[in-house]
Student: 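Here it is: the structure, laid out below.
Quantities reported herein were computed from a predicted structural model and do not represent experimental measurements. Whatever order the structure lists ligands and atoms in, that order sets their numbers, starting from 1.
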Amino acid sequence: MTFSAQTRKENINKLSSDQVDLLIIGGGITGAGLALHAAARGIKVGLIEMQDFAGGTSSRSTKLVHGGLRYLKQFDVELVSEVAKERAVIGKNAPHIVQPGYMLMPVYEEPGASFNAFTAEVVLHLYDYLAETDEEWAHYIVDKEEVLKEEPHLKEEGLMAGGFYLDYTNDDARLTIETIKKADELGAIITNYVKAESFGYDEDGKIRTVRAMDTLNEESFDIDAKVVVNATGPWADETRKNRKAYTGGKMFPTKGVHFVVDHSKLPVSRTIYTDTGQEDNRMVFIIPRGNKTYFGTTDTPFEGAYEDPSITQEDIDYLLQTINHRFDGVSLTLDDIESSWAGLRPLIKDENNDDPSGISRGHEIFTEEDGLITIAGGKLTDYRRMAEDAFEVIDKAFEELNVRFDQVDTKTIPLSGGDVENPFAFQTFIDQHSQDGTDAGLDQTDARFLVDWYGTNIFKVYELLGKARSFDMPLKDALQLAYGLEHEMILSPEDFFERRTDSIFFNIDRVIELKESVIDAMQKELGWSEEEKENWSAHLDERVREVSLEEYKNK
Ligand SMILES: Cc1cc2nc3c(=O)[nH]c(=O)nc-3n(C[C@H](O)[C@H](O)[C@H](O)COP(=O)(O)OP(=O)(O)OC[C@H]3O[C@@H](n4cnc5c(N)ncnc54)[C@H](O)[C@@H]3O)c2cc1C
Ligand SMILES: O=P(O)(O)OC[C@H](O)CO
């Protein structure tokens with residue numbers, strides 16, 4: 001069973017010829033979670049994504065699975081209680097992607113500080129309680145000396161104490177694609193690069209058809225569905241417009257930016273969550289990842305094209321000022337920034353709140369007169385629960401059509417690659433299966449990396465050794481490309497470099513080194529014309545220029 005460009009062609013044929021019970025518009029984490037939930041219940045479900053899977057916000061987050069500690073400042077206890085409990089569920093179902101770890105919240109005595117030593121203890125205690133955190137990961141508070149022993153580069157002036165608490169690191173695009181692949185494994189009919197353009201109605205004015213376009217060849221086709229769900233995140237209003245039943249805009253997307261520097265420039269040993277020091281009610285994360293450190297984010301109202309929110313000089317100045325304020329002996333400049341990304345929070349408008357950071361990160365599900373169901377808002381960490389909530393509404397729509405399906409508990413369904421015997425001992429799984437990689441000619445580091453990256457899908461990776469060896473590149477990269485083409489519906493170089501691997505963000509030099517050989521291999525495997533090859537190559541060059549902030553560095 002594959003999930004390739006050929007699968008995509010077959011799925012487009014299926015969607016254009018057979019009615020589905022449910023059609024999901026949007027292939028970010030929210031749409032992916034809905035598709036997995038539906039397929040697990042035996043619902044005939046289709047999903048169309050106009051870019052690549054996770055091409056929107058779900059590859060541009062802070063890349064954490066977390067409960068939203070700072071939301072307790074605005075007493076969003078219900079949200080934190082729901083979202084924080086999901087961390088352990090995702091950690092169990094995707095141990096190859098999501099890792100638990102102690103994060104540090106330093107406590108400073110400074111204007112606008114979120115917490116003091118006492119309130120930090122209270123809020124971390126409440127966070128553990130709401131999340132039902134295991135005792136082994138209980139929070140603890142240490143004094144200033146202990147904090148500086150752990151993080152010697154943190155600013156000493158004003159430092160009072162520090163709280164260590166549990167949260168999880170993540171790879172948002174990997175979490176999305178592994179959810180998509182699991183939905184595919186369970187029977188969902190899924191395709192990327194297909195855009196919902198308009199709707200068709202039955203005699204009662206209910207949506208029963210979606211007019212879709214394959215954005216690769218601009219061919220349009222109709223998809224017949226009993227029920228349609230709009231899971232397009234920040235685009236939710238865009239998707240709802242041009243319909244008689246449109247009840248007005250609900251979304252208030254805010255932009256969040258992250259920058260990546262070499263770890264030597266910002267040598268933190270663990271994730272740090274701290275005030276910006278700019279008295280703006282904002283907190284930022286500083287996160288070590290491999291031999292890099294990334295940090296963010298901003299939270300500013302956004303207007304413009306949602307596909308690729310631009311980063312501004314203000315964003316750069318704000319985050320550099322925040323980091324240089326918080327760390328002694330660190331004076332990051334624009335030239336230290338190796339890569340970056342900007343994403344849009346799919347926030348729901350709050351008429352009573354003009355502070356973007358004060359708006360709830362909760363989700364809403366609503367049905368309009370023509371039957372379109374929209375799920376908006378939320379957090380990536382909450383995606384599974386959001387799907388459960390959505391199906392309470394979707395099932396009502398099915399009941400009106402006298403259609404019913406068995407229930408399912410998705411808590412017990414591992415994502416693709418996550419079905420290890422003991423998810424809490426994933427390192428053992430890596431130890432056990434990296435030997436196959438070294439036997440195939442990989443060095444130990446690459447062999448362990450691939451098992452860590454793909455989990456139980458590593459066996460499908462190794463099946464592609466023959467194909468990989470035909471590519472003119474190091475074996476590890478060749479295996480990742482071969483697997484991505486065969487099992488992760490890679491159609492463009494950016495799909496590979498930005499979302500199936502993390503090279504564009506965390507190893508941009510590697511993108512430049514591998515670009516030609518990857519594009520040559522993709523042309524051969526996907527049958528690109530010379531013109532298509534040139535277009536994809538130019539698109540990748542533009543993306544590299546954009547994420548490395550060249551326009552600002554060359555000013
Ligand atoms: C800066 C930032 C940091 C964040 N950090 C975290 C974090 O660390 N942890 C966390 O839990 N949450 C975090 N979030 C929130 C989280 O990223 C989002 O809630 C989540 O990714 C939204 O997923 P989604 O699927 O709803 O939207 P998206 O991922 O945007 O998916 C919507 C998809 O719909 C597609 N689409 C749009 N229109 C159409 C159409 N007409 N036809 C077909 N497809 C269409 C788009 O291409 C897009 O891929 C963060 C958000 C931001 C912006
Ligand atoms: O939406 P915020 O303000 O919590 O910002 C996103 C964080 O960086 C991670 O969720």
Side-chain angles (χ1 to χ4, degrees), residues 23-34 47-71 73-74 76 79 83-84 86-87 90 98 167-173 175-176 179 191-199 210-213 215 230-242 251 253-258 271 273 281-285 287 294-300 302 306-309 341-347 355-363 374-383 386-387 499:
L23 180 69
I24 298 160
I25 304 173
I29 191 63
T30 302
L34 285 165
L47 181 149
I48 57 174
E49 160 53 51
M50 73 177 180
Q51 303 179 82
D52 178 31
F53 306 121
T57 312
S58 297
S59 60
R60 302 159 184 259
S61 81
T62 306
K63 305 180 189 297
L64 294 175
V65 159
H66 75 113
L69 180 60
R70 79 167 185 81
Y71 309 151
K73 283 168 55 182
Q74 50 218 49
D76 214 341
L79 175 68
V83 182
E86 280 301 296
R87 302 173 311 173
I90 302 174
V98 168
D167 256 331
Y168 290 65
T169 55
N170 177 35
D171 185 305
D172 45 10
L175 192 74
T176 303
T179 305
T191 175
N192 52 5
Y193 295 99
V194 170
K195 179 176 184 180
E197 298 227 293
S198 61
F199 300 100
V210 171
R211 185 76 178 158
M213 180 179 75
T215 61
N230 168 17
T232 55
W235 288 266
D237 284 348
E238 296 306 305
T239 309
R240 294 171 49 227
K241 282 175 182 167
N242 308 320
M251 303 305 291
T254 70
K255 185 177 79 176
V257 169
H258 293 82
T271 297
Y273 194 24
N281 185 35
R282 282 291 306 155
M283 293 181 77
V284 290
F285 286 98
I287 305 173
Y294 69 100
F295 51 91
T297 113
T298 59
D299 191 0
T300 52
F302 178 78
Y306 288 177
E307 278 70 7
D308 224 353
W341 64 90
L344 295 177
R345 294 172 186 78
L347 301 184
D355 167 14
S357 297
I359 296 174
S360 170
R361 271 57 179 164
H363 63 272
T374 295
I375 178 165
K379 296 285 292 181
L380 170 140
T381 303
D382 207 20
Y383 81 96
M386 289 166 69
R499 289 173 288 276

Student: What heavy-atom pair brings I375 and L34 nearest, and what distance separates the two atoms?
Tutor: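 Here I375 and L34 meet closest at CG2-CD1, 4.1 Å.
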Student: If the cut-off is 4.0 Å to any non-hydrogen atom of G343, which atoms of ligand 1 fall inside it?
Tutor: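 The list of qualifying atoms is 53 (C).
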Student: Are any of the N/O atoms in A54 less than 3.5 Å from those in ligand 1?
Tutor: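 N/O-N/O distance under 3.5 Å: no.
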Student: Within the 4.0 Å heavy-atom shell around H66, which atoms of ligand 2 are there?
Tutor: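 Per the distance check, 9 (C), 10 (O).
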Student: Compute the minimum heavy-atom distance from L64 to ligand 2 and say whether it is under 4.0 Å.
Tutor: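 L64: no contact with ligand 2 (<4.0 Å).
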Student: N/O to N/O below 3.5 Å, does that happen between T62 and ligand 2?
Tutor: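 Such a contact does occur with ligand 2.
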Student: Going by the closest heavy atom to atom 24 (P) of ligand 1, which one wins out of I24, T232, T30?
Tutor: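 Among I24, T232, T30, the closest heavy atom to atom 24 (P) of ligand 1 comes from T30.
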Student: Check each of T239, T381, T176 against atom 11 (O) of ligand 1 and report the one with the nearest heavy atom.
Tutor: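 Considering heavy atoms of T239, T381, T176, the nearest to atom 11 (O) of ligand 1 sits in T381.
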Student: Looking at non-hydrogen atoms alone, which of G233, S61, G68 comes nearest to atom 50 (C) of ligand 1?
Tutor: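 Nearest option to atom 50 (C) of ligand 1, by heavy atoms: S61.
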Student: Find all atoms of ligand 1 within a distance of less than 4.0 Å from any non-hydrogen atom belonging to H258, and give their numbers and elements.
Tutor: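 Answer, ordered by atom number: 1 (C).
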Student: Below 4.0 Å from ligand 1: does a non-hydrogen atom of V194 turn up there or not?
Tutor: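 V194: in contact with ligand 1 (<4.0 Å).
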Student: Just to check, does M283 reach to within less than 4.0 Å of ligand 2 when the distance is taken from its heavy atoms?
Tutor: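 False for this residue.
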Student: Of all the atoms in ligand 1, which lie at a distance below 4.0 Å from a heavy atom belonging to A231?
Tutor: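 Heavy-atom distances to A231 below 4.0 Å select 32 (C).
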Student: Between I48 and ligand 1, which residue portion shows a heavy-atom distance shorter than 4.0 Å: side chain, backbone, both, or neither?
Tutor: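 Contact part for I48 vs ligand 1: backbone (N, CA, C, O).
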Student: Who's the nearest protein heavy-atom neighbour of atom 29 (O) of ligand 1, and how far?
Tutor: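 The closest one turns out to be S58 OG, 2.6 Å.
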